[in-house]
Amino acid sequence: MPRLFDTQSSEIVEIAPRVEGQFSMYVCGPTVYDEPHLGHGRFTLVYDILRRYLRYRGFEVRFVSNITDVDDKIIARAGELQIKPEDLAKNYEEVWWDLMERLAVQRPDETPHATDWIDQMLEMVAEMVASGAAYETSDGIYLEVARVDGYGLLARQNLAELRSGARVEIDEQKKSPLDFALWKRTSEEEWGWNSPFGFGRPGWHTECVAMALGILGEGFDLHGGGMDLAFPHHENERAQAVAMHRSFARHWMHNGFVMVGEEKMSKSLGNFTTLKELLDSTDPRAYRLLVARSHYRSPLEVTAEILQDASRSLERIDAFARRFADVVTQRSDVAPNKVVIDGFNDAMDEDLNSPVGLARVFEAITKANFAQDRGHVEEAVSNAKAALLLLSTLGIVVQDRLEVPEEVMVLAKQRKAARADRDFAAADRYRDEILRLGYVVEDSDSGFRFKRA
RNA sequence: GGCGGCGUGGCCGAAUGGUUCGGCAGAGGCCUGCAAAGCCUUGCAAAGCGGUUCGAUUCCGCUCGCCGCCUCCA
């Protein structure tokens with residue numbers, strides 16, 4: 001059974017799902033008001049890898065990730081641009097899915113939108129008001145944090161310490177600065193919904209509770225997001241569930257930040273690189289490799305040099321894939337090497353240790369090459385198959401074959417003939433021509449293959 | 001102020017109480033007509049100071065440096 005670090009207990013524990021063999025996970029998705037940056041790319045890759053891994057391990061995974069399409073920032077941005085907030089959200093949601101596709105992040109099974117869950121949120125608010133956990137002020141409905149058992153669990157702080165450190169703006173009407181809005185009352189000119197609590201819109205923390213419980217049900221298996229969501233967002237989600245006496249996530253998972261130098265990359269610091277910039281300039285697989293080769297809870301530095309490093313590493317993977325593309329399909333009788341698979345699984349089972357998992361993959365690549373060099377085909381193929389299987393489990397799509405223009409193919413054949421005649425001068429001329437067309441020919445046991453120059 | 005975490009070879013990233021590991025880059029060699037790809041060999045890593053121990057990079061303490069959360073944030 002895989003184990004994961006649980007933010008709630010601060011230790012690595014078995015994930016032991018609610019229903020054997022099934023795994024339900026909810027990950028906080030984007031607020032669609034602007035271009036996603038590298039941090040968004042990291043978290044989506046981390047949970048994509050988790051999802052792929054659990055599936056590969058035989059779990060039936062149900063993965064829900066929301067789109068926050070109503071929010072103060074969306075409204076503010078839309079106001080600046082003089083467009084409707086709905087249109088802004090729609091536009092950036094399209095941007096989001098486009099980028100996810102480029103990153104080869106598989107679509108969640110369900111992608112609920114906050115605006116489709118307003119009724120459910122209002123029911124929840126009514127329930128919390130009725131039970132006395134929530135109270136009304138002139139501008140909305142607030143949850144009284146002091147009435148929630150164990151508030152501060154995810155922040156690893158007790159209520160008194162949180163309160164003393166609170167930097168939230170003072171609101172005379174709130175019983176505590178930590179109390180948070182469930183429903184924000186607004187004027188009717190603004191974007192909003194009619195409700196028993198007056199015209200307005202939901203608070204941020206409420207939507208995820210409604211959607212997670214509404215889709216996955218009580219006691220779902222895992223709730224994840226970036227570390228900065230642990231507090232207050234996830235804390236406040238949990239608080240609402242507690243206030244309603246519903247069991248919430250069994251397990252909390254938080255990934256580390258993308259760093260810029262010694263600082264966290266973030267919108268507010270303005271030190272971000274957008275995902276689009278990255279993907280326009282780098283093989284998206286290089287970023288995935290980078291994410292996978294550091295532990296998901298560690299900070300991750302991304303620079304041009306580090307990306308270059310990952311790209312070169314990727315070249316090694318592709319070269320390996322090219323070398324084994326044919327023989328692997330020919331030898332359907334050979335199974336992936338079990339020692340390699342087990343080593344990978346052991347690493348991934350222990351808090352999703354993909355760096356060690358990748359190390360096992362690279363070792364298998366070396367063994368496959370070593371064996372192939374010596375003509376030990378079965379050993380080579382078993383290692384190669386294991387490596388290829390594990391790479392796909394990490395979502396790394398290998399480029400094992402390159403389609404070349406007919407012209408290049410003809411030149412390569414001519415070169416092959418020239419070499420057979422031991423006319424090396426001619427062979428080299430053909431190779432130069434191929435290079436001029438943007439390809440490198442490599443000799444192989446069976447003839448030749450190509451890579452991009 | 002409270003809480004959590006980090007400091008590993010030229011670079012990035014892991015594991016680990018004793019022999020460590022992966023990638024990238026470097027050096028030498030093998031293979032190749034020459035390349036490419038590949039393989040092999042190679043480099044006295046643990047911020048500092050103490051302590052525990054037969055033995056510490058790994059455990060404990062202190063010092064220094066850095067980061068994150070406590071506000072919107074992946």
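Note that this is a predicted model, so its numbers are computed, not measured. Chain identifiers are assigned alphabetically (A, B, ...) following the order of the sequence lines, protein sequences preceding nucleic acid strands; residue numbering begins at 1 within each chain.
- At a threshold of 4.0 angstrom between heavy atoms, the contacts of A:D72 with the nucleic acid are absent.
- For the ring-ring contact (aromatic ring centres under 6.0 Å, His included) test, no residue two or more places apart in sequence or in another chain qualifies with A:Y287.
- Donor-acceptor pairing under 3.5 Å is lacking for the side chains of A:D228 and A:H233.
- With hydrogens and angles ignored, no donor-acceptor pair under 3.5 angstrom links the side chain of A:R431 to the base of B:A36.
- For A:K264, whose side chain is taken as the heavy atoms from C-beta onward, the closest listed nucleotide among B:C39, B:C24, B:G68 is B:G68.
- For the pair A:F362 and B:G22, the ring geometry does not qualify as stacking, because the centroid separation below 5.5 Å and plane angle under 30° are not jointly satisfied.
- Of all nucleotides listed (B:G38, B:C12, B:A37), B:C12 comes nearest to the side chain of A:R293.
- A salt bridge links A:R322 to A:E442: one of the charged nitrogens lies within less than 4.0 Å of a carboxylate oxygen.
- One side chain, A:D221 or A:S24, offers a donor N or O that lies under 3.5 Å from an acceptor on the other.
- Place A:S444 and A:P299 on RNA chain B by their nearest nucleotides, and A:P299 ends up nearer the 5' end.
- Side-chain proximity of A:L162 to B:G22, B:C70, B:C39: nearest is B:C70.
- You'll find that the side chain of A:F370 is closest to B:C40, out of B:C40, B:A14, B:A74.
- Using a 4.0 Å heavy-atom distance criterion, A:M259 is classed as a sugar-phosphate-only contact.
- Within residues 315-326 of chain A, the residues that have a heavy atom under 4.0 Å from RNA chain B are, in order of number, A:R316, A:A319, A:R323.
- Neither side chain, A:H251 nor A:Q8, offers a donor N or O lying under 3.5 Å from an acceptor on the other.
- Applying salt bridge (Lys or Arg N to Asp or Glu O under 4.0 Å) to A:R323 and the options A:D373, A:D318, A:D400 leaves one that passes, A:D373.
- If you take atom C1' in B:C11 and the same atom in B:A25, they sit 8 Å apart, rounded to whole Å.
- Applying the 3.5 Å distance criterion, the base of B:C40 shares no donor-acceptor pair with the side chain of A:D373.
- Distances were taken from every side-chain heavy atom of A:E442 (C-beta onward) to each of B:A35, B:A37, B:C39; the shortest belongs to B:A37.
- If you check every strand for non-hydrogen atoms under 4.0 Å, A:V258 touches a base.
- Within 4.0 Å of A:G256, counting heavy atoms only, lies at least one base atom of the nucleic acid.
- For A:R360 and A:E363, the salt-bridge test passes: some basic side-chain N is under 4.0 Å from an acidic carboxylate O.
- Distance from the side chain of A:D428 is smallest for B:G33 among the nucleotides B:G33, B:C40, B:A36.
- In the interface, the side chain of A:Q157 is paired with the base of B:G2 through a donor and an acceptor atom under 3.5 Å apart.
- No N or O donor and acceptor, one from the side chain of A:R297 and one from the base of B:G5, sit under 3.5 Å apart.
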